[in-house]
Number of protein chains: 2
Amino acid sequence: MMDVARLAGVSHQTVSRVLNEHPNVSEPTRLKVRAAIAELGYRPNRTARALVTGTSKVIGVVAPNTALYGPASMLTAFEQAAQDSGFAVNVGSVRSLNERSIADAVERHLDQRVAGLVVIAPVASAGPALARLPEDIPLVTIDGDPERASTLVTVDQVAGARAATEHLLAAGHSTVWHISGPADWFDAAGRVRGWQEALQDAGAEQPPLLTGDWSAESGYRNGKLLARLDEVTAIFTANDHIALGLLRALSEHGRRVPEEISIVGFDDVPQAAYYSPPLTTVRPDFDAVATASVELLLAQIESGAPDLTARRTIAPTLVSRDSVAPPPSR
Amino acid sequence: MMDVARLAGVSHQTVSRVLNEHPNVSEPTRLKVRAAIAELGYRPNRTARALVTGTSKVIGVVAPNTALYGPASMLTAFEQAAQDSGFAVNVGSVRSLNERSIADAVERHLDQRVAGLVVIAPVASAGPALARLPEDIPLVTIDGDPERASTLVTVDQVAGARAATEHLLAAGHSTVWHISGPADWFDAAGRVRGWQEALQDAGAEQPPLLTGDWSAESGYRNGKLLARLDEVTAIFTANDHIALGLLRALSEHGRRVPEEISIVGFDDVPQAAYYSPPLTTVRPDFDAVATASVELLLAQIESGAPDLTARRTIAPTLVSRDSVAPPPSR
DNA sequence: CGACATGGTGGGACCGCTCCCGCGACGGCG
DNA sequence: CGCCGTCGCGGGAGCGGTCCCACCATGTCG
């Protein structure tokens, strides 16, 4: 920086001003400095800046270390959105979302003087750790506890599940079964609720809830059971992978989809259109979640204070394919 | 740090020594300092350290911004491995792997004074940028150009493809068709080569190569064509998603798998066991790739010099399920 | 016409840490 | 017994920036 100052014939201070686009620099000197910077190929040291300002253009992300389609898509979408706003992303992935590991990850980020924090915390066990976070750092929770988290961005699970259930009901089915995700995931809980509400509103009987764990295996396992129940004509699964396992189980039992049984999934994984049959499903808009998160976080960073009230809920859309049909007439 | 020093009754320098585990500190003072640190809840400022040492405990990762199963799994596995070695991970994802965006991402990382760089660069277009990288920074390329990259960790695509092809040949098929990934991906190229080599070694005739793009859609498209060709009895696809699309196309045409046509995929996505039929596929060990990368990178960081010769190739394993059977006798 | 605001610039101090050097105490050796 | 090497520790400089303050030249106003 001193070199640049010397070459431009100004003080280091003026160079700093040019770098930070301070108004009080005359045009001629600004140009001289710019020229010197270009000639020397000078790049400011972000570390030094971070030291003196006490903050940096880095966002820390705490995310579960999983390749599950939802979280993974969320993460890449967020990375991109953050970068587009000029922020680097520091990922602290956590093997399990318990209080300790989250707290550890947060502390690691704080040591690095991140400007803000994003926690992708879809499970209830993350709650206590989040409650105990430092108050004075910008924080956005993605997919967190709707009851608790302060600044929260989330997919509207309830609305998505409602849409799925109502779609099946509208096709003529008297009721809809549901294979859920793991009970401690908010996503799963929201989808269960949307399903229940839709059933209630339609005055349909509510079948027992079957529990899965997002995996195709759990869909298969539950499918083995459902396949033997003649009265089952419509099933809504908590995600597409469960639906895949379910499809497999049904086909093994000779039950045809959608002629005998209709199915709706959730997530719209890129492969869903090539299941047999192509799967009708609910598509959450991960990009919208990501941009909303960045937006909210940046607002906090600029204002300097965490905003405890801001919320953003992204409505998913139903993607209709071939796995839904009217129930068989008997 | 000064506060700690005061409380412990030593100089800031001694505190620094304790922190860095310098040998020349007596046990009593070490304990005093430790106690003071604990009492004050002091956490060293990594930014300040980075400024003076010129490096940090952060690894920069340049990765394509995709949710594709391979790259995404690689990334999360790497994050975990790096963290286990005490390094934070800065992800600079790139929309497209062209020279400019890679160079930009690298510069962003360099500005942050990362200790080392990992580039996940599975496509040929990344080549020029990699060649122009600064020489003096520890660098590991994952899935890069086998011909060029210096320190390279990669899945042995050729061996995996060989195994898949040989498995089909061993089942009695006279030859094996292949739907490849995009031509500019090294992964795809390696799989094509393994397939060709296996065919040659077995003295089997080599059918024309069909090109896909990793997507189920491309598998479906090619499948529409293959389904009409009576002589096709065995197909090896470049990944599982292509296989899924292929399965769908074949079933639409009434061709049965594995009775009429056998299929082997690549990647072993978690859902592969629930395709119809469960898919025989090749499983790359992403964790092994990740640990090897971290190992190689750390070795460079410690030695201070890039190692231009180190390479690591991870052998994949064949996972046998139900999509392979002997060819139909005519 | 003098006082005072205003814009452009420079000179330090300082952020929190590590590194270099220097100093006293102690012990082994000739 | 004196010399020197080693150990344990402290003082100060400096990493590369930003921030506060002081300075000087203008322009503006009563």
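Sequence lines set the chain letters: A, B, ... in the order given, protein chains first and strands last, and positions in each chain run from 1. Atoms considered below: every heavy atom in the structure, side chains included; atoms not considered: hydrogens, waters and symmetry mates.
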In this structure, how many angstroms lie between the [atom2] atom of [N] and the [atom1] atom of [X], rounded?
| X | N | atom1 | atom2 | result |
| --- | --- | --- | --- | --- |
| A:Arg46 | D:dC15 | CZ | C1' | 18 Å |
| A:Lys57 | D:dT18 | NZ | P | 13 Å |
| A:Leu51 | D:dC15 | CG | P | 13 Å |
| B:His22 | D:dC7 | NE2 | P | 13 Å |
| B:Arg30 | D:dG8 | CZ | P | 9 Å |
| A:Arg43 | D:dG17 | CZ | P | 12 Å |
| A:Arg6 | C:dG11 | CZ | C1' | 15 Å |

Under 4.0 Å between a side-chain nitrogen and a carboxylate oxygen: does that hold for A:Arg100 and A:Asp104? yes

In short, A:Ala126 meets A:Ala121 closest at the heavy-atom pair CB-CB, 3.7 Å

All heavy atoms of B:Leu152 vs all of B:Pro146, minimum pair found to be CD2-CA, 3.8 Å

Interatomic distance, CD1@A:Ile37 vs CZ@A:Arg34, rounded to 0.5 Å, equals 7.0 Å

Would you mind telling me which of [options] lies closest to the side-chain atoms of [X]?
| X | options | value |
| --- | --- | --- |
| A:Arg49 | D:dG17, C:dC17, C:dC15 | D:dG17 |
| B:Gln13 | C:dC17, C:dG11, C:dC20 | C:dC20 |
| A:Asn20 | D:dT18, D:dG12, C:dC17 | D:dT18 |
| A:Val10 | D:dT18, D:dG10, C:dG10 | C:dG10 |
| A:Met1 | D:dG16, C:dC17, D:dG17 | D:dG17 |

Just to confirm, is there a sub-4.0 Å distance from OP1 or OP2 of [N] to any side-chain nitrogen or oxygen of [X]?
| X | N | value |
| --- | --- | --- |
| A:Asn24 | C:dG8 | yes |
| B:Ser16 | C:dT18 | yes |
| A:Ser26 | C:dG8 | no |
| A:Thr29 | C:dT9 | yes |
| A:Asn45 | D:dC15 | no |
| A:Thr14 | C:dG10 | yes |

* To do: Answer yes or no: side-chain N or O of A:Arg17 and base N or O of C:dG10 forming a donor-acceptor pair under 3.5 Å.
  => yes

Margin query: Tell me if the CD atom of B:Glu39 is crowded by more than 12 foreign heavy atoms within 6.0 Å.
Written below: no

On DNA chain D, more 5' by nearest nucleotide between B:His12 and B:Glu27 is B:Glu27

